[in-house]
Amino acid sequence: MDEVVTTGGLTYAAAEPSPALRPYVRQLSAYSERYDTPLERRQPPFAGIVLIFGFGAPLGLDGPGGARRLASFAGGLHETYVDTVTTGAAEGVQVDLTPAGARRLLGIPLSELANRVIPLEEALGPWAGTAVERLAGAGDRHARLALLDGLLARRIHTAPHPDPRVGWAWSRLVATGGAAGVAALARELGWSHRHLVARFRDQIGLTPKAAARVLRFEHALDRLRGGARPADTAAACGYYDQAHMNRDFRTMAGASPGELVRSWTAGRAIVPG
């Protein structure tokens, strides 16, 4: 369990999932936030699926799927940013899932969640409402994180396993920062390009090409945040040149690489990771 961190109006604690959940859950975070005036944030895409079990004021969200206000929701892999507005007092728990974890936990084709944010009960059924009630009644952030770890483990491990061949292709893309060739992946699997795309849309949400673009963006952003020079980052991440990287960042994050790194204060998703 990480220490409790307070920054501005946000207080949060993060935890690694238990060993049984680590192939499926990247991180768990419990948070509360309150601001005197509405806080607007722009959330760039990242290579995971977000679940928010929220209690308190709903979050305003405006992205490719349109504008809505939700306290508890699921967000799939996105190819561009989502704008959020926090008003009032918000509190909850965030789960950052791998695609395999989301496919197994939700039990729906992840294409139904790609570039969308939907109410949590639409993704998880009545189980979501029961989980939110139990989490809201837990004693503190640490108790909520431990409770949610157990709830997720029981639900995930009673669900069917996703196709490990898609998992292998996704792992290759992740390991190469999106640089692995899609045609080469299909050949190694003995699949046609069309079949690989169909399996990816079911278990990842995006096509292999779109998923690789998100991974490349995430890889480049991590390097830039670590102090790497933009020109070196563009070359290392497979962009044609720095101008190509700049255009990709503006499309996916609504900002240039420099602007995004300077303004980065809220982590990969709704709560810092």
Side-chain angles (χ1 to χ4, degrees), residues 1-5 12-31 43 45-55 72-78 91-110 112-114 116-125 127-132 134-136 138 140-164 166-171 173-175 200 202-206 211 214-215 218 222 266-273:
M1 173 75 65
D2 292 343
E3 63 179 341
V4 176
V5 176
Y12 71 95
E16 286 191 3
S18 58
L21 280 180
R22 286 177 193 163
Y24 309 110
V25 178
R26 293 170 55 149
Q27 183 174 272
L28 303 171
S29 303
Y31 65 92
Q43 310 293 350
F46 82 113
I49 289 85
V50 174
L51 304 184
I52 297 289
F53 296 78
F55 0 104
S72 299
F73 56 86
L77 283 179
H78 276 62
E91 191 171 5
V93 183
Q94 173 170 325
V95 184
D96 292 348
L97 292 163
T98 65
R103 185 64 178 85
R104 197 169 181 191
L105 181 73
L106 303 181
I108 61 173
L110 292 189
E112 296 181 14
L113 200 55
R116 296 182 66 208
V117 177
I118 64 174
L120 195 60
E121 288 201 355
E122 187 177 322
L124 286 167
W127 184 88
T130 301
V132 168
R134 293 187 62 185
L135 290 164
D140 57 23
R141 295 180 186 88
H142 301 296
R144 284 174 178 165
L145 291 171
L147 173 60
L148 184 56
D149 191 290
L151 291 173
L152 292 172
R154 285 191 290 275
R155 183 174 173 103
I156 282 179
H157 290 292
T158 57
H161 287 275
D163 189 336
V166 179
W168 173 84
W170 171 254
S171 296
L173 284 175
V174 171
F200 248 68
D202 179 81
Q203 292 193 199
I204 307 299
L206 302 176
V214 172
L215 288 165
E218 190 174 46
D222 284 345
R268 285 198 173 96
I270 304 302
V271 176

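Atom set for the values below is all heavy atoms of this structure, side chains included, hydrogens, waters and symmetry mates excluded. A quick note: this is a predicted structure, and the numbers were derived from the prediction, not measured.
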- Under a 4.5 Å cut-off applied to non-hydrogen side-chain atoms, are Phe53 and Leu120 in contact? yes
- So, for Gly101 and Ile156, which heavy atoms are closest and what is the spacing to 0.1 Å? O-CD1, 4.3 Å
- Item | Side chains of Arg103 and Ile204 in contact at under 4.5 Å (non-hydrogen atoms) | no
- Task: Measure the shortest side-chain to side-chain distance between Gln94 and Val50 over non-hydrogen atoms and say whether it is less than 4.5 angstrom.
- Result: yes
- Message: Any non-hydrogen side-chain atom of Asp96 less than 4.5 Å from a side-chain atom of Val25?
- Response: no
- Message: Pair Leu51, Phe73 - check side-chain contact (heavy atoms from CB on, under 4.5 Å), show working.
- Response: CA-CA 6 Å; Leu51 304 184; Phe73 56 86; over 6 Å; no
- Task: Check ring pair (Phe, Tyr, Trp, His ring centres under 6.0 Å) between Phe200 and all other residues, then give those that pass, not counting sequence neighbours.
- Result: none
- Message: How long is the straight-line distance from CD of Gln203 back to CH2 of Trp170, given to the nearest 0.5 Å?
- Response: 12.0 Å
- Message: Using side-chain heavy atoms (C-beta onward) and a distance below 4.5 Å, is Asp202 in contact with Leu110?
- Response: no
- Distance (rounded to the nearest 0.5 Å) between Thr98 OG1 and Tyr24 OH: 8.0 Å
- So do the side chains of Leu105 and Leu124 get within less than 4.5 Å of each other, counting heavy atoms only? yes
- Closest non-hydrogen atom pair, Leu215 against Ala47: CD2-CB, 3.4 Å
- Heavy atoms of Ala15 and Gln27 approach each other most closely as O-CG, 3.7 Å
- Item | Side-chain donor/acceptor of Arg26 to backbone N/O of Leu97, under 3.5 Å | no
- Message: Please evaluate residues Phe46 and Val214 with respect to the criterion side-chain contact (heavy atoms from CB on, under 4.5 Å), reporting the C-alpha separation (whole Å), side-chain torsions for both, the decisive distance (0.1 Å), and the verdict.
- Response: CA-CA 7 Å; Phe46 82 113; Val214 172; 5.8 Å; no
- Message: Going by the rule side-chain contact (heavy atoms from CB on, under 4.5 Å), which residues pair with Ala153 if we only count those two or more places apart in sequence or in a different chain?
- Response: Leu21, His157
- Message: Which residues pass the salt bridge (Lys or Arg N to Asp or Glu O under 4.0 Å) test with Arg116, not counting sequence neighbours?
- Response: Glu122
- Query: Is there a donor-acceptor contact under 3.5 Å from the side chain of Arg141 to the main chain of Ala13?
  - Reply: no
- Check side-chain contact (heavy atoms from CB on, under 4.5 Å) between Ala123 and all other residues, then give those that pass, not counting sequence neighbours. Ala74, Leu106, Ile118
- For His161, check ring pair (Phe, Tyr, Trp, His ring centres under 6.0 Å) against everything at least two apart and list the hits. none
- Item | All pairs passing salt bridge (charged side-chain N to carboxylate O under 4.0 Å, His left out) where residues 144-159 contributes a residue, at least two apart | Glu91-Arg144
- Message: Would you say that more than 12 heavy atoms from the other residues, nucleotides or ligands in this model lie under 6.0 Å from the CZ of Arg134, or not?
- Response: no
- Pairwise distance OG(Ser18) to CG(Leu145) - rounded to 0.5 angstrom: 11.5 Å
- Query: Does the side chain of Ser72 come within less than 4.5 Å of Ile52's, by heavy atoms?
  - Reply: no
- Side-chain contact test, heavy atoms from C-beta onward, threshold under 4.5 Å: evaluate it for Val93 versus Tyr31 and give yes or no. no
- Query: What heavy-atom pair brings Arg104 and Pro162 nearest, and what distance separates the two atoms?
  - Reply: CD-CD, 4.1 Å
